[in-house]
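Side-chain atoms are counted along with the backbone in the values below, which use heavy atoms only and exclude waters and symmetry mates. Chain naming here is simple, since letters A, B, ... match the order of the sequence lines and numbering starts at 1 in each. On a predicted model such as this, the values are computed, not experimentally measured, just so you know.
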Amino acid sequence: MSPRLLATIEAAALPILAVAAALLAFGVFAAWGGYPPLEVWRLLFVGAFGDAFSWQNSLQRAAPLMLTALCVAIPAQAGLMVIGGEGALVVGALATAALPYLMTVPPSLSGTLLILLASVLAGAAFGALIGAMRQWRGVNETISGLLLAYLVINLFKHVVEGPMRDPASLNKPSTRPLDDSLMIGTIPGMDVHWGLVWGVVACVAASIWLAFTTHGFSTRVVGGNPRAAGLVGLPAHRLVITACAIGGAAAGLSGGFEVAAVHTAANASVISGLGYAGILVSFVARHQPLAIIPVAIVLGGFGAAGSLLQRRLGMPDASVQVLLGFAFVLILAAEVGRGRLRLPGRARGAKAP
Amino acid sequence: MSLPANAMRLETIGLTKRFGDFVALDGVSIKVQPGTVHALLGENGAGKSTLVKCLSGYHAADAGALILDQREQTLASPTDARRLGIGMVYQHFTVVPGMTVAENLLLATGELPGIVRWPRVRAELAAFMQSTPFQLDLDARPVDLSAGQKQKLEILKQMRLRPRLLILDEPTSVLTPQEADEVLGALRSRAHAGECSIILITHKFREVLAYADEVSVLRRGLHVASAPVSTVTQASLAQQMVGEAVSATLPIERQATPAAPARLVIHDLHAHGDRGTPALQGFSLDVAAGEIVGVAGVSGNGQRELMQALTGQRRILEGSIHVAGTPFRGTRTQNRELAVRSLPEEPLLNACVPEMSLADNLSLRTFDEPAFAHLGWRKPGALRSLAATAIAAFGVRTRGPDEAIRQLSGGNIQRVVLARELSGRADLLLVSNPTFGLDFAATRDIHRRLLEARNAGCAVLLISEDLDELMLLADRIAVISAGRVVLTCPAAGADRQALGAAMGGIPHDYPPPVQLSETEIAA
C-alpha cells in the first residue's frame, strides 16, 4: 500500500473514529440521564437523515457551517489558529443590513449581490486585521480573534439597538427589514436557501485554490514551515494576511446570508454561535476544505436531530450540544493518535537508511 | 545515585537484528575491554546505531548474546540498561527545549525529590560542572543554545549518572578541534582511570587514531574487523569501512579561477539572537566568484544568526549585504535573478516543509516558474518528473516522490535539499554545516558538488563547525568569534593551532581582524 494512500486513510479514519466515540459517549450520557441509548442513537439518525424533511433541516443548518468553518480552515493552512469566525459573521451581517441605510441599493439580483459583497468585504477586513496584528505586532491570533469577536458583537448590538434601529421593532430591536426583492430565496425544489450552494462552491473553490494554484501552494508552505518559506523568498506577511482575509470573507458571507435569507434583518438572532460551531467543523475536517462539506452536513444533522429527541423522548434539544462537546474534545484527543495507526497484522518497516 | 564506579567489560556474541526483511545486524561479535575507549567505525546504514541501540536496551536483539562483566544479560528496556550502568549520548538531541540547563541536568538522574531545593541543587550542579571539561550557563534554555552546546549538555547529562559504560554517537560532530580534544581527552582519562568504558561511534579517523584504544569496523551489518589502534592506519580503516581503496585527497581538482570582484559583500552586520542579545556585532566579509570562503568558529558565535540574516530570515539592525552590487533582501525575485541558493544546517528544520512530499519540497524554488505553472495554475506532471530526475541524479533513497519528506533519514533529506539548490545555475551559494551527521560517501559527494560549483564560477560561503572540512575545501578561511571576524587567512598551509586559538578567544577590545598573508604563515 503506498505511503500516500496509507496517510489518507489514517487522515480520514481518526476523525471518523472520534465522532463515533463521541456518539458512544453521548449514549452513555443519555443512559445516565435515564433515556434509552439505543433509541437515542436511532432518533439521532432519523432526525438527521431519516426523511426528506430531516435532510432539508440538516442541510439548512449545514449551510452557514461550511462558510464559518472556512474561517478556521484557511488560516490554518497558513499556520494560524483563528477562532474569531463569529465576529466575522457578525460584521458581515451588519454590513449587509447597513448597506441600504447608506446608499440606494438597486432591486433584485444586482442588489442582492451588492449587499452580499458588502458582507464579504466586511468579513475580509475583519480577518485581515487579525492577520496584520499577528504579522506586524506579534499578537497571538487565537486571542485577538476571540477578543475582536466580542468587540464587534457588542458594537453590533449597540448599532442595532441605536442608530440603525427600526422603529417598528418594539420587543426585539432590529434593523429595518430588507426589501423583498433583495431577499434570497430557496433553491428550487428544496426548502434550503441558496447559501448552501455558495457554501459548497466556496469549499470546493478553496480546495482547488490550495491544491492547484501557486498562491495556494505558497500559503501551505508558509503554514508548513515559515523558515523554509523565508529561505525561498516567499512573502510570508502577504500570504498570511491574505489567508486570514479570505477566511474572514467566508464567515462574513455567511453573516450576509443569515440576514438576507433567514432573518431578513440584523438582530440578536444572528448571533447564535454559528461561528463557534464552525470551529468544530473545521477541526473534525482536519482543516481540509473539501472535507468540511460532509462534516458540516453531519454536524448540521446532529443539530436537526435535537428537536426530534425533544419531541419523542423529552430530552432537551440542547442536549445535542453535549454531543458536539464530546466530539470536539475527542477530535483534539485523536490528534495524539496521528502517525501511530497500524493496520492489523502488518509490522511497520524500518526507516530507509 | 550510587553506582559502582568501575568500568565494565562488554562482549557481544553473534548479535543479530532484523527489521522486517532488512537485516540491520548480522552476527556481530565485538569485545570491549574495561577501561578502554573502543571506537566503532562504519558508514551510514552499516549498523552502528542499531548495535548501540541494542546495547542500550532500545531494541531487543533477535539473536545472539550480550555479556556484561562475564555474565549474560538481557536488556528489556533502556531502564534495564541504565540500571546496569550503560549510558548513551544520542546523535539527535534529547534535551527538553523549554527547560533550563539546570532543570535538564536534574531530570537526567531520573530520581526527582518531592520538593526541589534549588539553591542546594544549583550549587551541586555548579560543582559538578566544574569537574567536567564543559561549562554551560545553568539558566540557558536549549532552544537558545547552538548545536555544539546542546551536545555538551547531552554528555553532561550522562556524566551525571556516572555510567560504567558510556556510548557516544558522533559526539564531536559540532565541536572545534580544541573542544573535541578536550571532550575526548577527558573521556579517555576517565576510561583509563577505570571509571568507565567507552564506545565511541565516529567517522573521524583522526579521533580514532588519537583517542581510541581499539577500533571495530562495521559494514552493511557485518563485523569486518577489530584491532588495536596502534596497528591500523587511516588508509586501512577507510578501506575496511567502504570496501574499496579510498582517496584522502580532494574529490575533484581545485581549478584555478580568474580573480574576480567580490560577489557577496557583507559590511558591518549587526543582528540580535533569539533572546534579544547581540549575536552579530559588526560582521564583514567578501566572497568573490570562483572561490570558497570558509567561516570557522565555535558553535554559538553567531553563525546561525549570520546564515539567517543572509537568507532574509532575521532582521538586520545595522550594516548591509550586497550581492553583485545590489542590496540583498532575500526576496524570491532576487534569489532568482541573482541565482542565490542556500543550504542551511538542520535541513528538515530550516529548508523543508516536513509534511509535504519530496516532489513538493523539490519544487520550492521553481514552482512558480513558467515551466511548472501557467498563470498561477500548477502543473503537477512537470513537477513530478522534475522530482524523479532530481531523485535519480542525487541518489536519494526513497519509496517515491510522493513520500512525505519527514519519513526520510537525515542523509537523504540533505540530498533532497542539495538536489533542489544545486540543480540549476547558482552564482552565490550560502552553505552551513552541510555534512553534519552524514556518512563518508555522502560527505564526499557534497564536497565534490561544492567544488564543482566553485570551479564553474560560483561564489561559495561555507560556514562550518568542522575545521577539517574547511581546510580541505576553502580557498580562504575567516574565523568568527562573538559575532565578528577576528582572523582571515588563505587556507593553504593555514595553522590549525592559530585558527583554533582565534576560534576560542573572545577579546573585549576588538582589534582589527588579523590578516595573515602566505609568507607569514610559511614563516
Side-chain angles (χ1 to χ4, degrees), chain A residues 1-8 10-11 76-79 135-136 138 205 207-239 242 286-288 335 338-340 342-343 345-353, chain B residues 18-22 24 43-47 49-50 308 311-314 329-336 340 342 344 347-357 360-361 363-368 372-373 375-380 397-400 402-404 407-409 411-412 420 439:
Chain A
M1 210 182 266
S2 82
R4 200 93 238 185
L5 186 58
L6 210 64
T8 320
E10 186 197 74
Q77 296 288 343
Q135 292 302 107
W136 289 327
S207 118
I208 291 175
W209 165 67
L210 283 171
F212 294 112
T213 66
T214 52
H215 190 265
F217 182 70
S218 310
T219 306
R220 282 192 290 134
V221 172
V222 172
N225 187 350
R227 278 193 231 191
L231 190 79
V232 295
L234 290 175
H237 292 330
R238 242 186 299 160
L239 289 165
T242 307
R286 303 298 253 345
H287 307 304
Q288 300 298 321
E335 286 295 315
R338 212 155 84 85
R340 305 230 193 123
R342 280 160 218 265
L343 290 179
R346 229 184 102 92
R348 266 184 153 207
K351 260 204 217 177
Chain B
R18 284 178 218 101
F19 296 105
D21 287 335
F22 174 62
E43 287 211 282
N44 212 28
S49 286
T50 314
Q308 288 170 341
T311 53
Q313 295 168 319
R314 185 168 289 274
R329 275 176 321 273
T331 61
R332 204 166 168 75
T333 346
Q334 276 192 326
N335 280 339
R336 188 171 299 146
V340 177
S342 21
L348 190 62
L349 205 59
N350 291 315
C352 302
V353 183
E355 298 298 325
M356 285 189 174
S357 67
D360 284 339
N361 272 289
S363 73
L364 285 184
R365 291 258 182 215
T366 52
F367 67 87
D368 51 356
F372 304 105
L375 292 179
W377 203 260
R378 293 169 74 210
K379 297 185 202 162
R397 305 241 282 273
T398 169
R399 277 179 276 192
D402 284 331
E403 191 174 2
Q407 304 283 13
L408 266 56
S409 67
N412 280 305
R420 179 179 83 210
D439 67 53

In Å and rounded to the nearest 0.5 Å, what is the [atom1] to [atom2] distance from [X] to [Y]?
| X | Y | atom1 | atom2 | value |
| --- | --- | --- | --- | --- |
| A/Leu231 | B/Arg365 | CG | CZ | 5.0 Å |
| A/Thr214 | B/Phe372 | OG1 | CZ | 13.5 Å |
| B/Asp360 | A/Phe217 | CG | CZ | 4.5 Å |

Least distance between heavy atoms, A/Ala228 atom then B/Ala351 atom
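Answer, listing the atom of A/Ala228 first, then B/Ala351: CB-C, 3.7 Å.
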For A/His215 and B/Asp368: C-alpha separation, side-chain torsions, deciding distance, then whether side chain to side chain contact (heavy atoms under 4.5 Å, CB included) applies.
CA-CA 9 Å; A/His215 190 265; B/Asp368 51 356; over 6 Å; no
If I measure from the heavy atoms of chain A, does [X] come under 4.5 Å with its side chain, its backbone, both, or neither?
| X | answer |
| --- | --- |
| B/Gln334 | neither |
| B/Asn350 | both |
| B/Arg336 | neither |
| B/Pro344 | side chain |

Under a 3.5 Å distance rule, please check whether B/Gln313 uses its side chain to pair with a backbone N or O of A/Arg227 as donor and acceptor.
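Yes, because the side chain of B/Gln313 sits within donor-acceptor range (under 3.5 Å) of the backbone of A/Arg227.
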Top of B/Pro347, B/Gly312, B/Cys352 for chain A proximity - count of heavy-atom pairs under 4.5 angstrom
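When all of B/Pro347, B/Gly312, B/Cys352 are compared, B/Cys352 has the most.
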State whether the number of non-hydrogen atoms from other residues, nucleotides or ligands found under 6.0 Å of A/Trp136 atom CH2 is greater than 12.
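Atom CH2 in A/Trp136 is not packed in, count stays at 12 or less.
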Should we say atom CZ of B/Arg332 is surrounded by more than 12 heavy atoms from elsewhere, each under 6.0 Å from it?
yes
Is any side-chain heavy atom of B/Glu355 closer than 4.5 Å to a side-chain heavy atom of A/Arg220?
no
Interface residues of residues 232-239 of chain A facing chain B - heavy atom cut-off under 4.5 Å:
A/Val232, A/Gly233, A/Leu234
According to side-chain contact (heavy atoms from CB on, under 4.5 Å), who are the partners of B/Pro354, at least two apart in sequence or on a separate chain?
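Once residues adjacent in sequence are excluded, the partners of B/Pro354 under the side-chain contact (heavy atoms from CB on, under 4.5 Å) criterion are A/Asn225, B/Leu348, B/Arg406.
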